[in-house]
Structures are given as structure tokens and as C-alpha cells.
K.L.:
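First the structure, which I've put down as C-alpha cells, then a few questions once you've had a look.
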Amino acid sequence: MENLGRLFFDVEIILDTLPALLREGLRNTLILSVGAITIGLVAGLLLALVGISRRWWVRLPAKVYIDIFRGLPAILTISLVGLGLPAAGLRIFGRERLLYGMLALGLISTAYIAEIFRAGIQSVDRGQMEAARSVGMSYLLAMRLVIVPQAVRRVLPPLTNEAIAILKDSSLVFVVGLAAGERELTRVGQNIGQQSGNFSPYVAAGLVYLALTIPLTRLVNRLDTRLREGPSVRAAQELPATLAQEH
Amino acid sequence: MLRRIALLPLFALVLVGCGGGDEAEDTTASDTGAADSATDVASEGESATEEDSEPEAETGSEDTGAAAGDLGLAEEGSILVGSDIAFAPFEFIGDDGEPQGFDIDLMTEIADRLGVEVEFVNTSFDTIFTQLASGDFDAIISGITITEEREQSIAFSDPYFAANQALAVGADSEVTGVDGLAGAQLAVQAGTTGLDYATESFTDATIVEFPTSEAAFGALTSGQVDAVFIDLPVVAEQVESSGGAVEQAAEVETGELYGIGVQQDNTALAEAISTELAAVIADGTYEEIYGTWFAGEVPEQFAGE
């Protein structure tokens with residue numbers, strides 16, 4: 001047990017590792033995840049709207065895309081984008097390896113987020129669309145003003161889960177090769193851990209992930225409760241403006 | 001449901017295996033005089049897993065069982081060897097899916113002479129030393145340069161290969177030598193002496209770490225990096241197999257020697273391997289294996305008598 005403590009929880013090593021983790025690792029992990037989720041939100045919403053079309057030939061491409069990118073292991077997609085595209089002469093980001101990684105993670109999150117949005121949109125009662133159409137709104141206008149705003153609220157918890165998943169998957173980007181300054185959390189922890197022969201740097205990297213993911217998980221739980229029970233009386237008093245927007 | 005049932009014994013096996021390993025590690029690290037009890041714990045812990053491969057182990061150790069027992073192997077009669085099998089021509093996965101290469105042949109020959117079965121485990125080079133130290137393998141062979149730093153955590157056999165580092169570039173590259181690396185993107189393999197040398201000596205280049213030598217050369221041929229800095233025999237192999245896409249721009253004399261790594265306290269195994277290695281060199285078998293994988297004469301220190 002003593003040995004376990006020394007190998008995993010050497011406070012001195014953990015404290016020594018933190019600056020590099022926060023300066024380089026955290027920054028790159030956040031660049032990768034925030035970028036990927038932004039891509040996923042925009043492209044995922046578009047894909048979801050395409051995916052619920054009544055015409056099968058409009059739906060088909062969305063379905064195929066989702067099937068492919070949800071079904072592939074993340075490390076394979078990252079390798080195909082980060083190593084494969086440049087090899088095929090498609091140097092869309094020059095030599096910016098982090099951008100290839102971000103795009104790959106974005107393609108993956110697009111597939112998941114599209115499914116989340118699709119489920120959210122379809123969970124809105126049909127009558128809402130019918131009512132909106134009956135007062136003269138076009139399909140797209142009804143989508144924009146009536147259906148999507150309601151769906152977005154319902155999909156916040158699963159979206160947060162997806163954000164957590166992408167945050168963790170960003171650790172796989174190392175397969176495309178990373179220069180000093182480009183390493184994300186896991187890689188920084190691993191490098192220092194291998195140099196020191198101690199696993200505390202891994203643990204330190206893990207702590208930084210947890211510092212990000214645990215608050216996010218709590219947020220999901222709170223959102224989930226709130227969506228089921230409605231806002232508390234206090235929140236309703238404090239945030240009349242927000243509520244007015246929501247209703 | 002059916003699948004879940006089938007997996008249960010596997011989980012149990014893994015758990016038992018892990019438990020045994022950890023205990024052994026604890027004992028050796030916290031008490032230097034407890035080598036004996038550590039071996040006891042290890043063999044106890046492994047007895048559960050041994051059933052799995054009993055027939056194989058028995059046939060392997062029947063004639064030399066006593067000798068093999070002294071080698072401090074986690075599983076008697078069988079040596080588990082870690083290697084990053086992406087380092088041609090030393091080790092790579094052949095067309096048949098099996099490990100091949102100079103290291104593989106040499107290690108197999110040595111294991112044969114020790115009277116044990118050899119099993120190779122493909123692992124990542126930049127974690128190979130900690131994995132060996134924590135008892136994941138009995139030995140490692142992976143084109144590993146013997147360095148003082150590595151000797152702090154593991155022990156090495158006598159050297160079995162002499163290698164320099166080299167700079168590989170794409171055809172028609174503007175980089176023609178180590179002087180032309182300013183501002184260039186230089187690929188290296190994580191955890192290697194090439195990385196250490198490059199970080200120290202090529203300070204005006206951007207050093208890009210790749211998990212395997214194959215990934216580094218892939219990035220070179222796709223134009224994502226300007227050069228690769230890695231062991232000379234690996235560069236030579238890439239120059240030959242790439243059909244002109246890869247060229248050697250420079251050789252850097254580092255005088256590195258490769259050794260077979262074993263756990264630090266397992267001097268018996270290191271000595272046994274060194275003894276067999278000397279025999280393999282003396283009777284010309286080394287020369288034979290060398291001829292299979294490399295062009296040119298065997299270096300004098302490894303030539304037969």
C-alpha cells in the first residue's frame with residue numbers, strides 16, 4: 001500500500017506536474033474539445049433537420065453519415081483524418097495537427113449530436129408543429145421558432161454528456177503526432193510519467209480531467225432535475241427575464 | 001446473455017493475474033531483501049493463469065525445467081517478451097500477421113537455447129520500460145539502446161547490436177543535412193534516444209513526437225513533416241522499401257548499443273541471456289540471422305570465431 005501511495009499519489013510530483021498540465025495540456029485539450037463540440041453543434045443540428053425529412057432521399061445521406069461516424073472507433077477516425085487526408089494530398093490545414101484532430105473529433109460529435117437533436121425534435125409533440133403551421137408559419141419558421149427552442153432545452157443533458165465524451169476522446173489525438181506545445185492533458189501526463197517512472201503525473205492529468213468532467217456531470221444532473229420538476233420558486237423569482245424567453 | 005456468461009471466467013482470470021502481479025511488485029520494491037518471497041508470491045499468483053496454457057508450458061520446460069526455473073520467469077517454461085513491433089527491420093508485423101525481424105529471430109534463438117517458449121507482446125515503446133519494471137514482461141527486445149538513464153529502472157544483457165542515428169528526408173527535400181533543420185518539422189518516435197538527441201541538438205527545429213516509427217515515416221511521405229530522426233538501420237530499411245520516396249540525408253555518430261532488457265533484480269535472466277548471446281555469436285548463428293535482415297558484413301564485435 002505504501003508503494004501504491006508513492007507510485008500514484010506522490011503529492012510533490014503531482015504539484016510539479018500541474019503547471020505543465022495546466023499551461024500546455026489543459027489549453028490544448030480545451031481547444032480540441034471546444035472546437036469539436038462547436039463543429040458538432042452546428043453540423044449536428046443541420047444533419048438532424050435533414051435526418052427528419054419526409055423524403056427518404058434527403059434522409060438517406062444523414063443516416064449513412066451517422067451510421068458511419070457513430071460506428072467507428074474514435075482513434076480510427078482521427079487516424080484517417082489526421083494521417084490519411086494529408087497523405088491523400090488533402091492538406092486542408094497545412095501542418096496544424098491540432099486542427100486535423102479537432103476536425104476528426106468534430107465529425108464524430110456531429111454524428112452523436114445529430115442523433116441527440118433528432119430525438120429532441122421528435123420528442124416535441126406533433127401538435128406543436130400542426131398548431132404553428134395552422135397559424136400560417138412555414139415549415140422552416142415553425143421549426144426555428146417553435147420546435148427547435150423546445151427541443152434544445154430537452155437535449156441539454158444528453159448534449160452535456162456528449163461534451164464529456166469528446167473531452168475524454170481528445171486524448172486520442174496523439175496518434176497524429178504532437179510537437180512540444182501541442183500535447184493535450186493525457187500526453188503531457190504520460191510524457192512526464194515515463195520520464196519519472198512514477199504514475200503520479202498520470203494521476204495529476206486525471207485530476208484535471210475530473211475537475212472538468214465532475215462539474216459538468218453535476219450540471220447535467222441539475223439540468224435533468226430542473227427539466228423534470230420545473231424551475232424552483234426562487235429561480236423563478238430571480239430570473240423572470242429568462243423565463244419570459246422560455247415561455 | 002450468452003456472451004456475458006462466457007466472459008465471466010476471463011474476468012476472474014484477469015483479476016487473479018493482476019492481484020498476483022501487484023503483490024509481487026509491492027514486496028520487491030519495499031524490501032530489497034525479499035527477492036525470494038517475491039518470487040513465491042509471483043508463482044502463486046500465476047498458478048491460476050498457468051492452467052490456461054499448461055500443455056504448452058509443460059512441453060517447453062520438460063527437458064530443461066530446472067534451468068528454466070532459475071530464470072525468474074513469471075510463468076515457468078515460457079518467456080514473455082515485450083516489443084514495439086513497428087520498427088523494421090528489427091521487429092515488424094509480417095504479411096502473415098506474425099512478428100518478424102532481426103530482434104524476433106535473435107530472441108527466439110536465445111529462448112530456444114534457454115529451453116523456454118518465447119511469446120512476444122506488442123506494446124508502445126514509450127511505456128515499455130515502466131511496463132517491464134512493473135512485471136508485465138520477463139524481458140524486452142525492441143532495438144533498445146543501453147543508456148545510464150534506462151539502467152536506473154531496468155537491467156540489460158550484453159549488447160547485441162551497434163547502431164547510429166540517421167536523418168531521413170523525402171525525395172528532393174530542401175533539407176540535405178542536420179545543418180539545414182532550422183525551422184523544419186522533425187519527426188521522432190516518443191521515448192527514443194533519437195528524441196533525446198534531437199531535443200538537445202536540433203533546437204531550432206520543431207520536434208514532433210509520433211507513437212511509432214511507422215507513423216513518423218508515414219508523416220514524412222505524406223509531407224506533414226520535413227524529416228525523421230531515428231536509428232540508422234530503420235532509416236536504411238525505409239529508404240529501401242519506399243522505392244525512392246525516402247532518402248537518407250545524414251548519419252549521426254552516436255555509437256549506441258542495443259541490449260535486451262530485463263527486470264532490474266533479475267540478474268539471473270540477464271546473465272543467462274548474455275551467455276546464450278555469446279554462444280549465438282561464437283557459433284556463427286548471429287551472422288546467419290544478421291544476413292537475413294541486413295546487407296553487408298557483420299560488425300567485427302558480433303562476428304563468429
Side-chain angles (χ1 to χ4, degrees), chain A residues 1-8 10 13 24 28 75-76 78-101 171-184 186-203, chain B residues 22-31 34 38 124-134 149-154 183-192 195-196 198-199 202-203 205-226 228 245 264:
Chain A
M1 273 319 280
E2 195 185 309
N3 200 34
L4 203 69
R6 187 185 61 78
L7 269 179
F8 284 68
D10 189 318
I13 295 184
E24 182 180 345
N28 292 321
I75 200 160
L76 195 69
I78 294 168
S79 302
L80 284 173
V81 172
L83 303 172
L85 288 188
L90 294 168
R91 288 197 196 87
I92 39 177
F93 301 125
R95 287 172 166 182
E96 292 298 328
R97 284 163 291 267
L98 282 180
L99 290 183
Y100 288 97
S171 61
L172 299 171
V173 167
F174 81 95
V175 292
V176 305
L178 295 176
E182 292 174 351
R183 298 174 302 171
E184 38 64 55
T186 302
R187 198 67 200 153
V188 172
Q190 195 175 26
N191 274 168
I192 302 175
Q194 287 306 317
Q195 283 158 20
S196 62
N198 188 296
F199 290 90
S200 304
Y202 288 78
V203 172
Chain B
D22 288 345
E23 272 175 64
E25 193 190 316
D26 269 359
T27 330
T28 38
S30 59
D31 182 357
S124 168
F125 192 81
D126 68 337
T127 58
I128 203 167
F129 302 103
T130 41
Q131 282 181 288
L132 173 67
S134 63
E149 196 192 349
R150 289 170 180 168
E151 276 175 329
Q152 314 245 312
S153 59
I154 65 166
Q185 301 226 344
L186 178 61
V188 294
Q189 188 185 352
T192 60
L195 164 62
D196 295 340
T199 313
F202 311 135
T203 43
T206 306
I207 313 284
V208 187
E209 276 184 48
F210 286 86
T212 63
S213 73
E214 288 167 358
F217 280 100
L220 178 66
T221 45
S222 70
Q224 288 302 92
V225 295
D226 299 301
V228 178
Q264 199 157 39

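Per chain, numbering begins at 1; letters A, B, ... match sequence-line order.
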K.L.:
With a 4.5 angstrom heavy-atom cut-off, which part of B:Ser153 approaches chain A: side chain, backbone, both or neither?
P.N.:
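Neither part.
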K.L.:
Where does A:Gln190 contact chain B at under 4.5 Å (heavy atoms): side chain, backbone, both or neither?
P.N.:
side chain
K.L.:
Is B:Thr130 close to chain A through its backbone or its side chain, or both, or neither, when contacts mean heavy atoms under 4.5 Å?
P.N.:
both
K.L.:
Below 4.5 Å, heavy atoms only, C-beta onward: do B:Asp226 and A:Arg95 meet side chain to side chain?
P.N.:
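SC-SC contact between B:Asp226 and A:Arg95 confirmed.
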K.L.:
Closer than 3.5 angstrom, by distance alone: can the side chain of A:Arg91 be matched with the main-chain N or O of B:Ser222 as a donor-acceptor pair?
P.N.:
yes
K.L.:
Enter the distance from B:Phe210:CZ to A:Arg97:CZ here, rounded to the nearest 0.5 Å.
P.N.:
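With rounding to 0.5 Å, CZ (B:Phe210) is 6.0 Å from CZ (A:Arg97).
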K.L.:
Tell me which of these, A:Leu83, A:Asn191, A:Asn198, has more heavy-atom pairs under 4.5 Å with chain B than the rest.
P.N.:
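Highest number of heavy-atom pairs under 4.5 Å: A:Asn191.
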K.L.:
Which bit of A:Phe93 is near chain B, if near means a heavy-atom gap under 4.5 Å: side chain, backbone, both or neither?
P.N.:
neither
K.L.:
Looking at side-chain heavy atoms only, is the closest gap between B:Asp126 and A:Arg187 below 4.5 Å?
P.N.:
yes
K.L.:
Most heavy-atom pairs under 4.5 angstrom with chain A, which of B:Thr206, B:Thr199, B:Val225?
P.N.:
B:Val225
K.L.:
I'd like to know if A:Arg183 pairs up with B:Glu209 as an ion pair, taking the criterion as any Lys NZ or Arg NE/NH1/NH2 lying under 4.0 Å from an Asp or Glu carboxylate oxygen.
P.N.:
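A salt bridge is absent here (no side-chain N lies under 4.0 Å from a carboxylate O).
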K.L.:
Given 3.5 Å as the limit, does a donor-acceptor pair link the side chain of B:Gln224 with the main chain of A:Gly82, or not?
P.N.:
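Checking the backbone N and O of A:Gly82 against the side chain of B:Gln224, no donor-acceptor pair under 3.5 Å is found.
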